[in-house]
Structures are given as structure tokens and as C-alpha cells.
Enquirer: 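Let me give you the structure first, and then I'll get to my questions.
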Amino acid sequence: MEKFIFVTGGVVSSLGKGIASASIGKLLESRGLRTAIIKCDPYINVDPGTMNPFQHGEVYVTDDGAEADLDLGHYERFTDAFINKDSNITTGKIYYEVITKERRGDYLGKTVQIIPHVTDEIKRRLRKVAQERVVDVTIVEIGGTIGDIESMPFLEAIRQLRWELGEQYALNVHVTLLPYIKSAGEHKTKPTQHSVGRLREIGIAPDILLCRTEKHITKEQRDKISLFCNVDRESVVEAIDVKHIYEVPLLFKKGGVDDLVLKKLNIKREDGDLREWRNMLNRLKKSQKEVKICVVGKYIALPDAYKSIYEALVHGGIANSAKVNIVKVESEDLEKGKSDRLLKGAHGILIPGGFGDRGIEGKIKAVQYARQKKIPFLGICLGMQVATIEFARNVCRLKDANSTEFIKNTKNPIISLLEEQEKIVNLGGSMRLGAYPCHLQKRSLSYKAYKKEDISERHRHRYEFNNKYKKIFEKNGMIFSGVNNDQDLVEIVELKTHPWFVACQFHPEFKSKPDKVHPLFKSFIAAALEQKS
Ligand code: GLN
């Protein structure tokens, strides 16, 4: 029968439940267990695809084309867990299904209610993932904080599931906060007691507490938490702040989390080996070289908006034993003519994906700066689109080059919609999404990075490079080094007379892991190091 670990969070949000879930997954994998990880998001949106980055942060994309919560990115970076479109459940998805069934008459005249119909649908989806795949343990992270009205049906569903499956088949992990009060010189356990109290009111008793804290907790505090929260001493785990998120699995290992989980779920496995992960961390911590990479975007004030890109840059650093100093540049600021000052000293420039015309001209200026000053450049999705617009305007002399996303009737639509996208009415889930194949030209920087001709990468965009302009671009020195032959679409462009200029229509950042660094990020950082020296 399926085994589950339910991860909930208390006291405040942003305690790192996603990283905690991913780290538990990593530890279980090290013990030879196959895992799946699911994120439950209590909001009513069907998926985050239609949300503004200011609301949600990055939209993560899976191979099978789901637009999903960014926690799935943590899961994939830390583990080889099974992740697909079923790995992110939202209230929107659940209600959509329940209402569709009601309209079809599936409920045979019954009154449709949150309990049992909504909770049954949640349980069905959780069990479906666990049953359809060959996994030993399914980790389920419940978004939000205990006490939120929105998350109640999810909590009720996991309560029922544990009751139905039995104790050795499901366990509850609660991530909580122990605030340190400076004036009192001690940690406060009361918020944790309250949070666990609320959980117990709804019938959920935590088996393991992961206590986020700034400073080490004392034996007395551990005893107190244990006694008042009904959790045995050894299951009160100190999760102290660490410098790098990739240290968390090792921290949990030290706290004995994998042993606790295995014991409580009655699973017997040899001790695990985290040697490679440890080596990766050492490379990260001990890197002596440093490069400066400017990321030019319009959501730079938000740490989560380009989450996977920032992580992939760190990974690029790990692969080159270098620390990547990420400088975030607001693209609109470049429009005020400050390129030289804002991009000064950059060893590499990266332009991430995006939507809408705000800041576009600033991004085009950043491309021009990188191209003319021969600074390594990586353009991603919108970053590729602006790279071609810049090239059209300033090299091919097509002055009014633009994307029809920004100027509908532009005279030179370098980037435009495919016919199938023109007819679309619903914005949700209707972009070119997920993994598509791409063929690489042998004599290219991309081939040099990937070391193979056929690759597969994830997409999330509506607009495409307009093939009508291919010839004039080639004549002027642009190389179309990656194409999707089935759909005749441009996937990667490069520049003949530039040390490292690669721009891709797909999102390589979604497939980079700290211990399996994406080839483009590895070679981008290598080029930046070269630029520096
Ligand atoms: N807005 C562009 C498009 O829809 C780019 C999308 C992106 O960068 N993810 O094609």
C-alpha cells in the first residue's frame, strides 16, 4: 500500500516547507527509496500560469507542460522524484473537477459538499500519483500556514487519508518557527505550541517537528516542546538557518530525519550515502574565483520571480568552482540611458523570460551592450526574442523591428504569433508548453556545451521567431544553431563574431541541478570567467 509523508507549516509563511520536503525526498532517495513529491496549493486559480509574478513568483514548467508552483523546482533540483502535471494540486483544479462531475450528473442527485466530495477528490488525486508510479513514499506538501481557511479541505483530506491507511502508512511532519527574542535572550516555544494545538484541534497530530531557528536550541527547550506538543524528544528536530539551501539535506541527516521517517513508516533500508551531494557543497563553499553576472529583468525586486535562473547560475558556478555574484538590474532603468553605469564590470549578462512591453527597450539596450562589448550573453525566451529584435534593428538596419506582442502592426515583425496561437481565447494553459525536441548545428557554441545534436528542453511562450527574417539575419552574422525540425521553429540563436552569445526560446533553467549542472549555464559561467581573465 502507498506510504505518505504530509508536510504542513505553522506560525508564519516562508519557513521553507518546499526545501524541507525536497530535503526529506533527497534523504529517502539516499536510502534507496523512490519518491514522488506533490504540492497542494489552496488558492482558487487552476494553476499559477495566469498569475502575475508579483503575486506568485516564478511559474515552474514540467516536461509534460504543467505550469506549476515553484516548489516543484526545489523538488526537481534536490531529487529525482517523480514530478509531472499531477504533482501540483490546487483548489481550482479540485473544484473544476467536482463541478464538472456535478454538471455531468456523476453524483446521482446528491448534494455536493466540501466533505466528502471535495476531500474525496483531493484524496483521489494524492493516491493516483502514489499508485500509478512505482514509488515507495509520496511526500505531500500543503501550502499555506495552519489556520488559513483556504487550506482546511486539504488538511481534512490528509487527516482522513492517514486514518484510512493506518499509522505506518502516513506520517505528519510539521515545519514550525522558534522565534529568538533578543531582549529575553531565548527562544519562544509558544507560537509552536499554538500551531500544533490548532493542528490537533482538527485531528492531525505531528509525528516530527522541524523547528526553524536562528540559534541552537537547548535541551530544556526541546523537552518543553516535546512535552507540550505531544511529540517525542528525538522527533523535535532543530532546523537551524544555513547559508546555502543545499545544506538542508545534510542538516536533516544530522538531525536523524531519515531514520525517524523510516522507523515511523516501518521501512527497513541500509544507511544512505550523500557523498556526491557533500562534494558538490564543498565545491560551492570553497570556490575561490568569482564572476559578476548581471540579470536584466523587470521583477528583480522579487527574489522568487526568477528563482530557477538564480539557482541555475549558482549551479554554473559550482561546475566551474566559482562564486557567481548575481547583480539584478531593473530593465526600465536602462531605458534612462544608464547602461554603461548599470552594466559596468559585468562578466556576463543574462536576460530572462517575461511578458508585456514594460522594460522591453531597456532589455534591448542590454543586448546591444553585451553584443558590442563582447560580453558573454545568455538570453532566455523573451531574452532570445529581444536579442533578435536588437540584431534586426542595429545590425540588419530594420529600424522598426519589434514583436507583435508589443506593437501589433509593427512593420517588421521579427517575433510573431503562429497561426494556431492567433485563434486562442483562453489564456490559461494555452501557450507552447513543456518539452520539445531541438536539433543542434554541430559547429556551434550550443553543441560544444551539450556535446550532442539532439536535445529536449522545456518551453512556455506564445510568440516565435518569424522565419521570413532568417536569410537576412544569416547574411548579417546570426547563426540559427538550434531548430525544432517538426514545427520548423527557431530554438537557439548565436552570433558569429562574438565569444559567447547564446539565446534560446526554451527555459534551460528548469532542468539544472546543483549536482547535474545544465550545459548552457556551465558554459555561460565558463565564458564569463574567461571574460574576466
Ligand atoms: N512573452 C513571450 C512569449 O509569449 C516570451 C515568454 C517567456 O519569456 N516565457 O512568447
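Computation of the quantities below employed the complete heavy-atom set of this structure, encompassing side-chain atoms and omitting hydrogens, waters and symmetry-equivalent molecules. Counting starts at 1 for both ligands and their atoms, in listed order.
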Enquirer: Is there a donor-acceptor contact under 3.5 Å from the side chain of N402 to the main chain of I407?
Expert: no
Enquirer: Counting neighbours of NZ on K298 that are heavy atoms of other residues, nucleotides or ligands and sit closer than 6.0 Å, is the number greater than 12?
Expert: yes
Enquirer: With a 4.0 angstrom cut-off on heavy atoms, strictly below it, pick out the residues next to ligand 1 and order them by chain and number.
Expert: G353, G354, F355, C381, L382, Q385, E405, R460, H461, R462, Y463, H507
Enquirer: Say you draw a straight line from CZ of F480 to CD of E474; how long is it, rounded to the nearest 0.5 Å?
Expert: 5.5 Å
Enquirer: For residues Y436 and F506, establish whether the separation of their ring centroids is below 6.0 Å.
Expert: no
Enquirer: Taking the six-membered ring where the residue is Trp, are the ring centres of F465 and F473 under 6.0 Å apart?
Expert: yes
Enquirer: Would you say the rings of H74 and Y246 are close, in the sense that their centroids are separated by under 6.0 Å?
Expert: no
